[in-house]
Amino acid sequence: MDRPIGIIDSGFGGLTVAQEIMRQLPKETICYIGDTLRCPYGPRPVDEVRKFTWQMINRLLEENVKMIVIACNTATAVVLEEARSLLSIPVVGVIQPGAISAIQSSNNQHIAVIGTTGTITSNAYATALVAISEQVTVESLACPFFVPLVEQGIIDGEEAERVVEESLKPLKNTDFDTLILGCTHYPLLKPVIESFLPASVTIISSGEETAREVSSLLFHHSINRKSSVEPEHQFFTTGVAESFKHFASKWLAIDTKNVASISLGSSLVFPTMNRQ
Ligand code: DGL
């Protein structure tokens with residue numbers, strides 16, 4: 001099927017998931033929306049996250065996407081179930097895949113998760129982890145300063161190190177062996193995060209697992225793209241197109257030929273039934 005896979009995030013973070021989908025599924029076409037203008041979502045009230053996320057979903061439906069990937073943990077925690085129940089196309093979130101991968105990698109079933117205030121407050125990871133394994137012990141920590149850093153392109157150097165070291169302090173002296181990066185922006189800070197953790201800790205970014213789930217759903221529903229013509233990805237940002245292009249190519253080596261700036265202000269804010 002030649003229709004694109006739709007991917008949404010509050011900004012640049014979901015590009016870490018898009019990058020992994022492009023790597024695992026090179027034939028597929030991506031249509032990405034980053035709500036850069038209204039980022040971060042993490043500290044926002046649930047109602048606002050829900051409204052903004054539906055605006056992006058409705059915009060993707062106008063692009064005739066065949067599947068939606070909510071590449072934002074904060075939005076996944078709020079909208080995933082509702083979107084799955086209302087849309088007739090498959091909807092994938094990033095929390096469950098990350099949780100499964102963490103349980104598989106942990107030897108002592110002591111897992112830490114870091115995320116935005118919204119994701120951590122929702123308890124979505126702890127719930128998903130305990131649903132998979134009752135034996136698991138979960139440490140949850142909000143790191144509200146990470147997303148603003150990443151959106152400014154500060155992903156290494158002194159300032160990034162200072163913020164990461166300070167934010168991770170509450171996890172000191174806990175013996176978790178696996179850390180979930182429960183926000184799609186965080187993989188961009190992974191080298192810095194890693195430098196403040198014992199070498200024995202495994203770091204899980206949900207991008208890889210999410211891409212695997214996308215792949216199995218595409219084949220399960222027989223909606224994978226068969227054409228051998230090179231896919232033409234489309235990226236939309238509510239911010240400045242040039243900044244988006246610069247970020248995607250500089251930090252993620254994603255070739256963003258087609259980037260357009262859009263406004264979501266007038267998009268439908270309510271959940272809509274998917275018309276296929
Ligand atoms: N990257 C998103 C997440 O995974 C959102 C970060 C934010 O906007 O606060 O939660």
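The basis for the numbers below is simple: all heavy atoms, side chains too, and nothing from hydrogens, waters or symmetry mates. By convention here, the first residue in the shown sequence is residue 1.
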- Query: Considering all heavy atoms of both residues, which atom of I21 and which atom of V69 are nearest to each other, and what is their separation?
  - Reply: CD1-CG2, 4.2 Å
- Query: Any donor and acceptor pair, going by atom type alone, linking the side chain of Q55 with main-chain N or O of L264 inside 3.5 Å?
  - Reply: yes
- Output for pair (F247 CZ, F12 CZ), nearest 0.5 Å, gives 5.5 Å
- Message: Is it true that N258 and E232 share a donor-acceptor pair across their side chains at a distance under 3.5 Å?
- Response: yes
- Message: Could you see if L171 belongs to whatever hydrophobic cluster contains V138? Use Ile, Leu, Val, Met, Phe, Trp, Tyr and a side-chain cutoff under 4.5 Å.
- Response: no
- What distance do L189 atom CG and L149 atom CG have between them, rounded to the nearest 0.5 Å? 6.0 Å
- Okay, side chain of T16, backbone of G13: is any donor-acceptor separation there less than 3.5 Å? yes
- Using a cut-off of 6.0 Å, state whether more than 12 heavy atoms not belonging to K226 lie near its atom NZ. yes
- Message: Checking R3 against E63 for the side chain to side chain contact (heavy atoms under 4.5 Å, CB included) test, could you report, in this order, the C-alpha distance in whole Å, the side-chain angles of both residues, the deciding distance, and whether it holds?
- Response: CA-CA 9 Å; R3 289 158 60 189; E63 297 296 320; over 6 Å; no
- Query: Are any non-hydrogen side-chain atoms of E209 and E20 less than 4.5 angstrom apart?
  - Reply: no
- Side-chain heavy atoms of L15 within contact of F244, under 4.5 Å: yes
- For side chain to side chain contact (heavy atoms under 4.5 Å, CB included), just list the numbers for I154 and V163, CA-CA rounded to whole Å, side-chain angles, deciding distance to a tenth of an Å, and then say yes or no. CA-CA 11 Å; I154 305 170; V163 172; over 6 Å; no
- Query: Are L179 and V113 side-chain neighbours, meaning at least one heavy-atom pair lies under 4.5 Å?
  - Reply: no
- Can you tell me if Q24 uses its side chain to pair, donor with acceptor, with the backbone of S215 under 3.5 Å? no
- Determine yes or no for a side-chain-to-main-chain donor-acceptor pair under 3.5 angstrom, with R44 supplying the side chain and V49 the backbone. no
- Min side-chain heavy-atom separation D177-S200 under 4.5 Å: no
- Item | Sidechain N-carboxylate O distance under 4.0 Å for R38, D35 | yes
- Item | Salt bridge present between E48 and K51 (N-O < 4.0 angstrom) | no
- Item | I203-V150 co-clustered via ILVMFWY side chain contacts under 4.5 Å | yes
- Compare every heavy atom of Y186 with every heavy atom of F146, then report the nearest pair and how far apart it is. CB-CE1, 3.3 Å
- Just wondering, do P90 and I223 contact through their side chains at under 4.5 Å, heavy atoms? yes
- OG1 on T202 to CD on Q104, rounded to 0.5 Å: 12.5 Å
- Within the distance-only criterion (no hydrogens, no angle test), does the side chain of S122 pair as donor or acceptor with the backbone N or O of A77 below 3.5 angstrom? no
- Query: Backbone N or O of A99 within a donor-acceptor pair of the Y125 side chain at under 3.5 Å?
  - Reply: no
- Taking every non-hydrogen atom, the tightest pair across A124 and I95: CB-CD1, 3.6 Å
- Item | Co-membership, hydrophobic cluster, residues I7 and L188, 4.5 Å side-chain | yes
- Task: Any chance you could measure R212, atom CZ, to L217, atom CG, to the nearest 0.5 Å?
- Result: 14.0 Å
- Using a 4.5 Å cut-off on heavy atoms from C-beta on, say whether the side chain of I254 contacts that of M22. yes
- Can you get from I155 to F196 by hopping between Ile, Leu, Val, Met, Phe, Trp and Tyr side chains that sit under 4.5 Å apart? yes
- Task: Nearest 0.5 Å please: distance from the CG atom of L25 over to the CD1 atom of I5.
- Result: 6.0 Å
- Are side-chain heavy atoms of L181 and I204 found at a separation under 4.5 Å? no
- Query: Between C39 and S10, which heavy-atom pair has the shortest distance, and what is it?
  - Reply: CB-O, 3.2 Å
- Item | Polar side-chain atom of T174 near backbone of F176 as donor-acceptor pair, under 3.5 Å | no
- Query: Looking at D9 and G14, what are the two nearest heavy atoms and their distance?
  - Reply: OD2-N, 2.9 Å
- Message: Evaluate E165 against S195 for side chain to side chain contact (heavy atoms under 4.5 Å, CB included), listing each step before the verdict.
- Response: CA-CA 9 Å; E165 184 178 21; S195 71; over 6 Å; no
- Item | Joint hydrophobic cluster, M56 plus W54, side-chain heavy atoms closer than 4.5 Å | yes
- Item | Nearest heavy atoms of M67 and V92, plus distance in Å | SD-CG2, 4.3 Å
- Look only at the side chain of T237 and the backbone of G239, and say whether a donor-acceptor pair between them is shorter than 3.5 Å. yes
- Item | Exercise: do T36 and T238 side chains pair donor with acceptor under 3.5 Å | no
- Calculate, to the nearest 0.5 Å, the distance between atoms NE2 and CG belonging to H110 and D175 respectively. 5.5 Å
- Message: Quick check with a 6.0 Å cut-off and a 45 degree axis cone: is R59 positioned over the face of F236's six-membered ring?
- Response: yes
- Query: Quick one: does T76's side chain get under 4.5 Å of T119's, heavy atoms only?
  - Reply: no
- Query: Is there a donor-acceptor pair under 3.5 Å between the side chain of Q109 and the backbone N or O of S106?
  - Reply: yes
- Message: salt bridge (charged side-chain N to carboxylate O under 4.0 Å, His left out) for E158 and R162? Distances and angles first, verdict last.
- Response: CA-CA 6 Å; E158 246 175 64; R162 187 179 45 75; over 6 Å; no
- Message: Evaluate T178 against S105 for side-chain hydrogen bond (donor to acceptor under 3.5 Å, both in side chains), listing each step before the verdict.
- Response: CA-CA 7 Å; T178 302; S105 108; 3.3 Å; yes
- Quick check: does any side chain N or O of S133 sit under 3.5 Å from a backbone N or O of V130, one acting as donor and the other as acceptor? no
- Would Q234 and I30 satisfy side chain to side chain contact (heavy atoms under 4.5 Å, CB included), going step by step from the backbone distance to the final call? CA-CA 6 Å; Q234 174 71 57; I30 303 294; over 6 Å; no
